[in-house]
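Below is one structure, written out as structure tokens; comments come after it.
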Amino acid sequence: MSTAIAEAASNAAVRQIIEARRAMSGALLPILHDIQHALGHIPADAVPMVAEALNLSRAEVHGVISYYHHFREQPAGRHVVQICRAEACQARGADALVAHAKSALDCDFHHTSADGAVTLEPVYCLGHCAVGPNIAIDDALFARVSPQRFDMLVAGKRGEQ
Ligand code: FES
């Protein structure tokens, strides 16, 4: 799809989401969630559209997007790796795993490796606290993840593309 066509499709999706939600009270967060769900991130073009529809300034909309780390302003990588940062996983070595992951991917949380393969995100409990440190890659959960296992899992995902 050409860039212009992709942008037009993306703007049409944003317009549709705004129309479906604008009348509800507290519409800003639901609209932003729906946009991210539909497009994988919140494109820069969506900010003025949302601001105008809700009678807010662009700065207000942008402020909310940057306040919540959940919202992405850039598309995610091909895979999203979430590392549990909650207490039980920390007690089982998650800090060392996080340090390893950041160094192996050469990026911080909320960023994507230079090859576009992996976006690294923190998560606060994946519900399997007794078998940490835990990570999720896309929708799959992995327990007892050592730095070596992390590298194997990520290499496997990179191989899948
Ligand atoms: S603390 Fe990590 S899964 Fe619950």
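Whatever order the structure lists ligands and atoms in, that order sets their numbers, starting from 1.
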Please identify which atoms of ligand 1 are closer than 4.0 Å to at least one heavy atom of [X].
| X | result |
| --- | --- |
| Asn134 | 3 (S) |
| His128 | 3 (S) |
| Ala88 | 1 (S) |
| Gly127 | 3 (S) |

Self-check item: Top protein contact for atom 3 (S) of ligand 1, by heavy-atom distance
Solution: Leu126 N, 3.2 Å
Validation: residues 127-143 side-chain donor-acceptor distances under 3.5 Å, sequence neighbours left out:
{"from": "Asn134", "atom 1": "ND2", "to": "His128", "atom 2": "O", "distance (Å)": "2.7"}
{"from": "Asp138", "atom 1": "OD1", "to": "Val80", "atom 2": "N", "distance (Å)": "2.8"}
{"from": "Asp138", "atom 1": "OD2", "to": "His79", "atom 2": "ND1", "distance (Å)": "2.7"}

Quiz prompt | Atom of Leu39, atom of Ser10 and distance for their closest heavy-atom approach | solution = CD1-OG, 3.6 Å
Quiz item: Glu121 and side chain to side chain donor-acceptor pair (under 3.5 Å): which partner among His70, Arg85, Arg72?
Solution: Arg72
Quiz prompt | Backbone or side-chain N/O/S of Cys129 under 2.8 Å of atom 4 (Fe) of ligand 1 | solution = yes
Exercise. Name the orientation class of the two ring planes belonging to His110 and His69 (parallel below 30°, tilted from 30 to 60°, perpendicular beyond 60°).
Key: parallel
Exercise. I would like to know whether Arg158 and Asp115 meet side-chain contact (heavy atoms from CB on, under 4.5 Å); could you show each step before the answer?
Key: CA-CA 10 Å; Arg158 277 192 159 123; Asp115 63 357; 2.8 Å; yes
Practice problem: Could you check if a side-chain atom of Arg22 sits within less than 4.5 angstrom of a side-chain atom of Leu54, using non-hydrogen atoms only? | Solution: yes
Quiz item: Taking both backbone and side chain into account, is any N, O or S atom of Cys84 nearer than 2.8 Å to atom 2 (Fe) of ligand 1?
Solution: yes
Quiz item: Do any of the N/O/S atoms of Cys125, backbone or side chain, fall under 2.8 Å from atom 2 (Fe) of ligand 1?
Solution: no
